[in-house]
Amino acid sequence: MCGRTACTLAPHEVSKASRYRNRAGQYRRPRWREGDSDKYRPSYNKSPQSFSPVLLSLRHFNKDAPVDECVLATMRWGLVPAWFRESNPNKMQYSTSNCRSESLLEKKSYKDPLLKGQRCVVLADGFYEWKRSEKEKQPFFIYFPQSKTEGAADWHSVDVKSPFFEKPLPEQLEKDKSEWKGWRLLTIAGLFDGWTPPAGGETLYTYTIITVSASSGLQSIHDRMPAVLDGEEEVRQWLDYGEVRSQDALKLLQPKDILTFHPVSSFVNNSRNNSAECLQPLELGSKKVQPSASSKVMMSWLQSSSPGKEKKPGATTKRRAPEENEKGGNLLHKWLTGSCQTKKPAMSN
DNA sequence: CCAGACGTTGTT
DNA sequence: GTCTGG
DNA sequence: CCAGACGTTGTT
DNA sequence: GTCTGG
């Protein structure tokens with residue numbers, strides 16, 4: 001299953017990390033839907049009902065836009081169907097944070113969004129999964145294997161006229177020409193819907209994460225996993241509802257053995273906890289769990305960058321939860337490069 | 001026809 | 001046990 | 001997903 | 001809104 005994620009990049013970094021290709025194969029950097037970059041708050045611990053970045057066809061918001069151009073929006077986790085009649089969306093009593101790929105067409109809440117092409121890609125650093133045993137629940141952080149080298153980029157910035165989309169700043173345009181060298185975001189297949197309160201008001205956009213059987217590599221942790229889209233072409237096909245019909249899009253939802261993982265502290269269990277400790281590889285000195293290959297890779301990220309001089313501790317001692325503070329800065333990357341404290345500061349005051 | 005559901009997981 | 005909130 | 005509540009009255 | 005069950 002998939003009931004917790006991490007998404008720590010700043011909004012502008014999410015944009016850079018979400019480069020996609022259109023039908024012609026041109027690289028594009030998606031812009032944020034107006035106002036949405038402020039609704040998203042980076043967090044090491046995102047639970048259902050929180051807001052996360054999703055990529056979707058620009059056409060959903062702009063009828064004049066090409067269907068193969070994309071935009072970033074901030075949506076709430078847990079699909080609220082358009083027909084929901086209560087005045088408060090929180091009264092939705094059904095569990096719609098996940099949606100089984102096998103029964104998608106049989107479910108009233110999901111069939112309509114699917115047939116309307118309301119497919120989106122949920123973005124995250126990775127997700128958490130709890131392995132249950134008789135005595136305990138051991139959480140793991142699961143993500144794309146990370147590499148440091150990529151090919152050169154061929155940039156064409158999106159230029160679709162719409163009141164929804166602001167023009168990028170000149171300095172930003174310049175930066176956008178460089179390729180994203182940071183964390184490779186996990187691309188998860190989702191469906192979304194828009195819900196408007198019966199009394200009227202702003203439309204609330206919500207999404208569900210589609211699940212499939214766990215791949216062989218993840219079976220030891222859990223029997224279900226989110227449907228992961230592997231690479232630009234799969235992302236394009238999932239989002240291009242003009243070219244790829246629902247039936248064909250469903251074929252993309254397969255277990256794929258392409259993820260890596262490591263155990264993390266049960267610190268992540270409480271969704272109020274929000275710091276790098278949530279995804280830090282757990283030190284398991286016991287014979288019980290050996291450091292996995294992926295854990296070692298992450299550790300090597302940690303060590304490959306020299307710790308350098310420590311900043312004055314006093315400057316960061318009262319660091320607040322990332323979700324509440326900075327909008328800028330690649331939090332995950334900062335942690336990986338050691339500019340954040342690897343251990344969470346004492347919770348108390 | 002109308003009434004009522006509309007969802008997943010894990011556990012037993 | 002089950003539901004709500006995070 | 002997990003954690004934590006699960007309730008009312010009257011009084012300050 | 002749409003589908004299922006009665």
Side-chain angles (χ1 to χ4, degrees), chain A residues 1-7 39-52 75-86 88-116 118 122 124-143 186 188-198 203 206-214 218-219 221-227 246 253 261 263-275 277-279 320-324 347:
Chain A
M1 203 200 176
C2 182
R4 208 77 73 80
T5 68
C7 193
K39 295 181 191 162
Y40 155 62
R41 283 291 172 277
S43 174
Y44 292 94
N45 206 338
K46 287 198 126 0
S47 56
Q49 298 183 62
S50 72
F51 289 81
S52 281
M75 295 191 187
R76 198 178 79 158
W77 192 358
L79 187 138
V80 177
W83 43 260
F84 186 65
R85 279 297 154 219
E86 302 280 345
N88 180 355
N90 298 328
K91 291 189 174 169
M92 250 274 303
Q93 53 190 326
Y94 312 106
S95 175
T96 54
S97 51
N98 290 144
C99 152
R100 296 178 65 87
S101 62
E102 300 90 337
S103 51
L104 233 132
L105 288 164
E106 303 157 17
K107 304 296 183 179
K108 289 185 264 301
S109 297
Y110 304 134
K111 189 180 173 181
D112 288 0
L114 179 71
L115 296 182
K116 286 190 220 156
Q118 291 169 354
V122 182
D125 299 349
F127 66 98
Y128 299 98
E129 200 81 81
W130 281 258
K131 176 177 182 170
R132 292 164 175 279
S133 65
E134 281 190 17
K135 272 217 144 189
E136 55 187 6
K137 278 179 300 189
Q138 172 62 58
F140 290 82
F141 184 59
I142 308 173
Y143 48 99
L186 191 58
I188 303 168
L191 296 174
F192 73 92
D193 210 348
W195 174 82
T196 308
T203 299
T206 60
Y207 68 87
T208 186
I209 284 181
I210 299 172
T211 63
V212 295
S213 292
L218 296 181
Q219 289 281 354
I221 299 177
H222 203 67
D223 63 339
R224 305 287 298 174
M225 67 180 283
S246 305
L253 309 178
F261 61 86
V264 296
S265 162
S266 57
F267 179 73
V268 73
N269 288 15
N270 192 323
S271 60
R272 297 172 133 103
N273 289 338
N274 175 17
S275 73
E277 190 174 347
C278 288
L279 45 64
R320 302 186 65 191
E323 189 140 5
E324 298 171 5
M347 202 59 173

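By convention in this document, chain letters (A, B, ...) are assigned in the order of the sequence lines, proteins followed by strands, and residues within each chain are numbered from 1. For the numbers below, each heavy atom of this structure counts, side chains included, while hydrogens, waters and symmetry mates do not. Being a predicted model, the structure only gives us computed values, none of them experimental.
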- Excluding sequence neighbours, so at least two apart, what forms side chain to side chain donor-acceptor pair (under 3.5 Å) with A:Trp195? none

- Return the set of residues passing side chain to side chain donor-acceptor pair (under 3.5 Å) with A:Glu102 (not counting sequence neighbours), or none when no residue passes. A:Arg224

- Considering only side-chain heavy atoms of A:Asn270, which listed nucleotide, D:dA3, B:dG7, E:dC3, is closest? D:dA3

- Task: Remember a base hit wins even if backbone is also touched, and classify A:Phe127 as base, sugar-phosphate or nothing at under 4.0 Å, heavy atoms.
- Result: nothing

- Note on the structure: Closest to the side chain of A:Arg100, out of B:dT8, D:dC2, C:dG6, is B:dT8

- Message: Can you list everything that forms a side chain to side chain donor-acceptor pair (under 3.5 Å) with A:Asn88? Sequence neighbours excluded, please.
- Response: A:Asn90

- By salt bridge (Lys or Arg N to Asp or Glu O under 4.0 Å), A:Arg76 pairs with (sequence neighbours left out) none

- Query: Of all the nucleotides listed (D:dC1, B:dT8, C:dG6), which has the minimum atom distance to the side chain of A:Met1?
  - Reply: D:dC1

- Task: Go through the structure and list residues passing side chain to side chain donor-acceptor pair (under 3.5 Å) with A:Thr196, not counting sequence neighbours.
- Result: A:Thr203

- Note on the structure: By ring-ring contact (aromatic ring centres under 6.0 Å, His included), A:Tyr110 pairs with (sequence neighbours left out) none

- With sequence neighbours left out, the residues meeting salt bridge (Lys or Arg N to Asp or Glu O under 4.0 Å) with A:Lys39 are A:Asp36, A:Glu202

Do any N or O atoms of the protein come closer than 3.5 Å to N or O atoms of nucleotides 4-6 of chain B, and which pairs are they?
| unit_1 | atom_1 | unit_2 | atom_2 | d |
| --- | --- | --- | --- | --- |
| B:dC6 | O3' | A:Ser109 | OG | 3.1 |

- Query: If pairs are Watson-Crick or G-U with both distances under 3.5 Å, what is the dot-bracket string of DNA chain E, marking crossing pairs with [ ] and pairs to another strand with |?
  - Reply: ||||||

- Would one find a side-chain N or O of A:Arg132 under 4.0 angstrom from OP1 or OP2 of D:dC2? yes

- Could you tell me whether A:Asp112 contacts a base, only the sugar-phosphate backbone, or nothing, with contacts defined as non-hydrogen atoms closer than 4.0 Å? sugar-phosphate

